[in-house]
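All figures in this text were calculated on a predicted structure; none of them were measured in a lab.
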Amino acid sequence: MSVFSIRSGKGLGDSLYLQGVARHLVEKGERLEVCTGWPDVFRPLADKVKISPFRRDRVDRVAHYVSRKRVSNTDQFTDCCISAGVMEKVEFRLDWQLVNPSWMEVLGRGRRPVVLVQLPRAPMDRRDGYGMELLPDCRIIQRAIDALRDRGAFIVQIGRGEPLYRFHGVDLDLANSTSVADAIDLAWLCDGVLGYCSFVAPLAECLSKPALLVWSRRGLRSSNEFIRQIVPAKIFNKPTSRALMDDCTSEELGKAVDALLDQVGSRALV
């Protein structure tokens with residue numbers, strides 16, 4: 001059987017989508033060369049696929065959502081599948097196994113529900129300011145952190161980049177100090193995720209973790225069509241994910257945090 005090459009977009013979130021597509025194709029008996037800049041994401045497929053550095057040319061299939069941005073009745077993971085020629089329904093999951101068991105002790109797993117929060121950084125890791133409208137008013141995320149801590153949650157910050165807003169009240173700040181495998185370990189161990197539209201959305205979903213993402217109203221009103229099309233219905237693949245607008249009322253914020261806490265609390269008891 002011949003080997004065919006496949007890639008996604010260049011980001012971490014893109015590769016999280018790609019591993020879901022690749023897993024499905026491998027389960028169907030395909031032999032793949034996966035072109036990615038994030039090899040740790042493919043640890044569960046390490047002995048089943050060939051991993052090569054990311055490249056845009058000389059690939060047989062592209063699992064990317066960008067060509068279907070205007071299609072309103074599918075989400076991004078489904079668009080990646082369709083782009084790669086996979087028309088059947090595919091479960092979006094990452095069959096992760098814990099790499100570093102010491103994280104369980106660090107997090108005090110089982111004593112307090114663990115919620116990951118993402119470091120506020122430039123959207124899409126762009127250095128030119130493109131897409132800045134996607135970053136929400138982080139004061140809303142801070143208020144959610146405060147409410148979660150008041151209810152006993154253990155808050156862990158992850159992510160890389162220059163912080164554009166500094167959260168306070170974080171129990172464990174691991175921003176800019178973990179590997180990709182570490183970040184996935186932490187997501188695998190956590191009970192819930194709090195953040196904004198970024199790689200944490202597919203990270204939470206592929207591990208079936210409850211997520212509350214604060215959405216930028218400014219982004220939805222952007223004059224840039226690509227930015228304007230980044231809406232919750234297009235991003236979310238699973239009902240475990242919820243969106244909260246950054247111009248929400250105090251009542252809306254409270255209900256959203258309560259809903260996440262209900263999910264997080266039930267997971268922490270497992």
* Asked: Looking at Thr36, Asp57, Asp14, Val59, which one forms a side chain to side chain contact (heavy atoms under 4.5 Å, CB included) with Arg7?
  -> Val59
* May I ask you to test the Arg56-Cys35 pair for a side-chain heavy-atom distance under 4.5 Å? => no
* Would you list the pairs meeting ring pair (Phe, Tyr, Trp, His ring centres under 6.0 Å) in which at least one residue belongs to residues 191-215, sequence neighbours left out? => Trp215-Phe236
* Counterpart residues, salt bridge (charged side-chain N to carboxylate O under 4.0 Å, His left out), relative to Lys255 (two or more places apart) -> Glu251
* Applying salt bridge (charged side-chain N to carboxylate O under 4.0 Å, His left out), name anything that partners Arg121, two or more places apart in sequence or on another chain. => none
* **Partners meeting salt bridge (charged side-chain N to carboxylate O under 4.0 Å, His left out) with Arg23 (sequence neighbours left out)** => Glu27
* **Asn224 side chain to Ser222 side chain, donor-acceptor N/O pair below 3.5 angstrom** => no
* **Pair Ser83, Arg61: side-chain N/O donor-acceptor within cut-off below 3.5 Å** => no
* Taking only residues two or more places apart in sequence, or in another chain, which ones meet Arg160 in a salt bridge (charged side-chain N to carboxylate O under 4.0 Å, His left out)? -> none
* Asp185 side, atom CG; Trp103 side, atom CH2 - distance, nearest 0.5 Å -> 8.0 Å
* To do: Check the surroundings of atom NZ in Lys48: do more than 12 heavy atoms from other residues, nucleotides or ligands lie under 6.0 Å from it?
  => no
* Hey, what do you get for OG1 (Thr78) to CG (Asn237), rounding to the nearest 0.5 Å? -> 5.5 Å
* **cation_pi(Arg139, Tyr165) dist<6.0 Å, angle<=45** => no
* Check: Val115 and Asp191 side chains under 4.5 Å, non-hydrogen atoms -> no
* Please identify each residue that fulfils ring pair (Phe, Tyr, Trp, His ring centres under 6.0 Å) with Phe42, with sequence neighbours left out. => none
* Can you hop from Met132 to Val214 via hydrophobic side chains spaced under 4.5 Å? -> yes
* What pair of heavy atoms forms the shortest contact from Cys81 to Val21, and how long is it? -> SG-CG2, 3.9 Å
* CD-CZ distance between Gln19 and Arg43, expressed to the nearest 0.5 angstrom -> 13.5 Å
Just list the side-chain donor-acceptor pairs under 3.5 Å for residues 85-92, sequence neighbours left out, or say none.
from	atom 1	to	atom 2	distance (Å)
Glu88	OE2	His24	NE2	2.8
Glu88	OE2	Lys28	NZ	3.0
Glu91	OE1	Arg93	NH1	3.1

* Taking every non-hydrogen atom, the tightest pair across Ala144 and Leu253 -> CB-CD1, 4.4 Å
* Other ILVMFWY residues reachable from Leu119 by side-chain steps of under 4.5 Å -> none
* To do: State, yes or no, whether a side-chain contact exists between Phe226 and Val66 at a heavy-atom distance under 4.5 Å.
  => yes
* Out of curiosity, Asp60 CG to Leu32 CG, how far, rounded to the nearest 0.5 Å? -> 10.0 Å
* Pairwise salt bridge (Lys or Arg N to Asp or Glu O under 4.0 Å) hits with a residue in residues 67-87, at least two apart -> Arg68-Asp79, Arg70-Glu225, Asp79-Lys234
* Asked: Is the CZ atom of Arg228 crowded by more than 12 outside heavy atoms at less than 6.0 Å?
  -> yes
* Asked: Between the main-chain N or O of Leu18 and the side-chain N or O of Ser15, is there a donor-acceptor pair closer than 3.5 Å?
  -> no
* Rounded to the nearest 0.5 Å, what separation is found between the NZ atom of Lys50 and the CG atom of Leu45? -> 16.0 Å
* Asked: Do Thr240 and Glu205 meet the criterion of a side-chain donor-acceptor pair at a distance under 3.5 Å?
  -> no
* Asked: Distance-only, no hydrogens or angles: does the Glu33 side chain make a donor-acceptor pair with backbone N or O of Ser52 under 3.5 Å?
  -> no
* Identify the two heavy atoms, one from Trp96 and one from Trp188, that lie closest to each other, and give their separation to 0.1 Å. => O-NE1, 3.4 Å
* Asked: Taking side chain as C-beta onward, heavy atoms only, is Leu94 less than 4.5 Å from Pro44?
  -> yes
* To do: May I ask you to test the Val49-Leu25 pair for a side-chain heavy-atom distance under 4.5 Å?
  => no
* **Donor-acceptor pair between Glu133 and Ser216 side chains, under 3.5 angstrom** => no
* Asked: Which heavy-atom pair separates Ile6 from Ala63 by the least distance, and what is that distance?
  -> CD1-CB, 4.2 Å
* Asked: Without hydrogens or angle criteria, can the side chains of Arg242 and Gln263 be said to hold a donor-acceptor pair below 3.5 Å?
  -> yes
* Asked: What are the two closest heavy atoms between Ser5 and Arg55, and how far apart are they?
  -> CB-NH2, 3.7 Å
* Verify the cluster assignment for Leu174 and Met104: are they in a single hydrophobic cluster under the rule of side-chain heavy atoms below 4.5 Å apart? => yes
* What are the two closest non-hydrogen atoms of Asp246 and Pro136, and how far apart are they? -> OD2-CA, 3.5 Å
* Working to the nearest 0.5 Å, report the span between CD of Gln118 and SG of Cys138. => 9.5 Å
* **ILVMFWY network linking Leu134 to Leu220, side-chain heavy atoms under 4.5 angstrom** => yes
* Asked: If two hydrophobic side chains count as joined below 4.5 Å and joins carry through other members, does Val180 share a cluster with Leu186?
  -> yes
* With sequence neighbours left out, what residues match Tyr130 under ring pair (Phe, Tyr, Trp, His ring centres under 6.0 Å)? -> none
* To do: Considering only Ile, Leu, Val, Met, Phe, Trp and Tyr, and joining two whenever side-chain heavy atoms are under 4.5 Å apart, list the other residues clustered with Val71.
  => none
Return a table of donor-acceptor pairs under 3.5 angstrom between the side chains of residues 148-156 and protein atoms on other chains or two or more places apart.
from	atom 1	to	atom 2	distance (Å)
Arg149	NE	Gly169	O	2.6
Arg149	NH2	Asp171	OD1	3.3
Arg151	NH1	Asp258	OD1	3.2

* Treat each ILVMFWY residue as a node, draw an edge where side-chain heavy atoms are under 4.5 Å apart, and state whether Ile227 and Val231 are in one component. => yes
* Whether Lys209 side chain and Cys190 backbone form a donor-acceptor pair below 3.5 Å -> yes
